[in-house]
Structure formats: structure tokens, C-alpha cells
Amino acid sequence: QVQLVQSGGGLVQSGGSLRLSCTASGSVSTIYAMAWYRQRPGKQRELVAALTRTGRTNYAGAAKGRFTISRDSAKKTGYLQMNSLKPEDTAVYYCYLRGFGQYWGQGTQVTVSS
């Protein structure tokens with residue numbers, strides 16, 4: 001099956017930046033969309049950004065203007081560039097892939113100090 005491996009999380013100060021990566025392994029068929037979700041402490045998982053196979057993007061209101069979703073198809077890797085981070089961005093971030101099936105990364109912690 002398809003596996004998604006994430007990296008790039010960590011601790012940053014308010015106003016700092018992080019770049020998350022998500023690399024797919026295994027047999028990957030047609031990909032219709034990729035996305036990043038996050039789960040903040042005490043909250044339900046929420047969509048942060050999405051990217052279709054044709055390059056169209058969608059961002060949560062809290063992320064728009066600060067976060068950028070992208071992909072490198074040759075490397076089978078997706079990215080989430082996060083700038084101007086705020087303490088409220090502190091969460092576990094998950095990558096997601098939608099194709100024939102749907103797949104999730106293992107999650108990575110992002111902590112933003114005030």
C-alpha cells in the first residue's frame with residue numbers, strides 16, 4: 001500500500017518559518033488531490049491547505065497569505081511552507097493524499113512559542 005512519510009516539524013518562535021515535507025512510497029496510482037491537515041490541542045482535525053492534480057489550491061482562512069502548499073511530482077513529495085507562524089498554529093500536522101484510495105502521513109508536531 002501507499003505510505004506517506006513526513007518530516008520538517010519542530011519548535012519555532014512566533015514569526016518564524018517551517019517547511020513540512022511528505023514523501024510517498026509504494027505503488028501510487030492516479031492522484032486527484034493532496035492536502036495538509038492539522039489538529040490543535042483540544043480541537044478536531046481541520047483542513048489547512050489542499051492542492052489538486054491540476055495545480056489549483058485551497059487554503060483555510062487562517063493559513064491564507066502565510067502558508068503555501070506545493071508538490072514535486074518527480075520526487076513524489078508534497079510540501080507545506082509556513083511563514084509568519086503564530087502560537088495558534090501549534091498543532092500536529094498531517095499530510096493527506098487522495099487517489100484510488102486515501103492515505104495519511106504519520107503526523108509531525110509543530111510548536112510555535114509566543
Side-chain angles (χ1 to χ4, degrees):
Q1 294 190 41
V2 175
Q3 294 183 353
L4 304 180
V5 179
Q6 300 179 222
S7 63
L11 173 65
V12 297
Q13 294 183 13
S14 180
S17 299
L18 282 175
R19 183 180 176 87
L20 305 182
S21 298
C22 177
T23 300
S25 64
S27 181
V28 181
S29 185
T30 302
I31 298 173
Y32 293 101
M34 57 169 284
W36 290 90
Y37 287 75
R38 71 184 181 188
Q39 188 161 15
R40 297 192 290 163
K43 304 294 182 63
Q44 294 187 348
R45 191 172 300 185
E46 62 184 322
L47 177 68
V48 177
L51 176 67
T52 72
R53 65 181 179 87
T54 59
R56 296 183 179 181
T57 59
N58 183 54
Y59 295 95
K64 192 172 184 178
R66 299 187 298 124
F67 294 5
T68 303
I69 186 171
S70 63
R71 67 172 182 264
D72 185 330
S73 297
K75 296 181 178 179
K76 297 183 180 296
T77 300
Y79 305 94
L80 182 67
Q81 177 67 46
M82 303 185 292
N83 300 324
S84 302
L85 284 162
K86 307 173 182 179
E88 63 196 69
D89 294 318
T90 294
V92 177
Y93 284 73
Y94 300 87
C95 63
Y96 167 87
L97 184 68
R98 174 172 169 251
F100 177 78
Q102 52 187 6
Y103 310 95
W104 292 92
Q106 82 278 15
T108 187
Q109 177 70 46
V110 170
T111 302
V112 184
S113 61
S114 59

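Atoms considered below: every heavy atom in the structure, side chains included; atoms not considered: hydrogens, waters and symmetry mates.
- With rounding to the nearest 0.5 Å, the separation of CG in Leu85 from CZ in Arg66 is 6.5 Å.
- Cluster annotation: Ile69 and Tyr94 are assigned to distinct hydrophobic clusters (Ile/Leu/Val/Met/Phe/Trp/Tyr, side-chain heavy-atom contacts under 4.5 Å, transitive).
- A donor-acceptor contact shorter than 3.5 Å is absent between the side chain of Arg98 and the backbone of Thr52.
- Closest heavy-atom contact between Ala91 and Arg38: CB-CB, 3.9 Å.
- Remark: the backbone N or O of Ala33 is not paired with any side-chain donor or acceptor of Tyr96 at under 3.5 angstrom.
- Taking all atoms of both residues into account, the shortest heavy-atom contact from Ser14 to Pro87 is OG-CD, 3.9 Å.
- The shortest side-chain heavy-atom distance between Ile31 and Leu97 falls under the 4.5 Å cut-off.
- Judged by distance alone, the side chain of Thr90 and the main-chain N or O of Val112 form a donor-acceptor pair under 3.5 Å.
- Rounded to the nearest 0.5 Å, atoms CD (Gln39) and CD (Glu46) are 9.0 Å apart.
- Checking Tyr32 against Arg53 by side-chain atom types alone, no donor-acceptor pair falls below 3.5 Å.
- For the atom pair OH of Tyr79 and CG of Leu51, the computed distance is 13.0 Å after rounding to the nearest 0.5 Å.
- Of all non-hydrogen atoms in Leu4 and Ala24, the two that sit nearest each other are CD2-CB, 3.7 Å.
- When all heavy atoms of Asn83 and Ser17 are compared, the pair lying nearest together is OD1-OG, 2.9 Å.
- Going from atom CG of Leu80 over to atom OH of Tyr59 covers 8.0 Å, rounded to the nearest 0.5 Å.
- Under the 4.5 Å side-chain heavy-atom criterion for Ile, Leu, Val, Met, Phe, Trp and Tyr, Trp36 and Val92 are members of distinct hydrophobic clusters.
- The neighbour count for Gln109 CD, taken as heavy atoms of other residues, nucleotides or ligands under 6.0 Å away, is above 12.
- In this structure, Gln81 contributes its side chain and Ser70 its backbone to no donor-acceptor pair below 3.5 Å.
- Interatomic distance, Arg19 CZ to Phe67 CZ, rounded to the nearest 0.5 Å: 13.5 Å.
- By the 4.5 Å heavy-atom criterion applied to side chains, Met82 and Asp89 are not counted as neighbours.
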Inset, instruction - Under the side chain to side chain contact (heavy atoms under 4.5 Å, CB included) rule, what do Val48 and Tyr37 come out as? Steps first, then yes or no, please. - result: CA-CA 5 Å; Val48 177; Tyr37 287 75; 5.5 Å; no
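- Between the side chain of Gln6 and the backbone N or O of Leu20, no donor-acceptor pair lies under 3.5 Å.
- Between Leu47 and Ala35, the shortest heavy-atom distance links the atoms CD1-CB, 3.9 Å.
- Shown here for Glu88 and Arg40, the closest heavy-atom pair between the two residues is O-CD, 3.0 Å.
- Here the straight-line distance linking atom CD of Gln106 with atom SG of Cys22 works out to 8.0 Å at 0.5 Å rounding.
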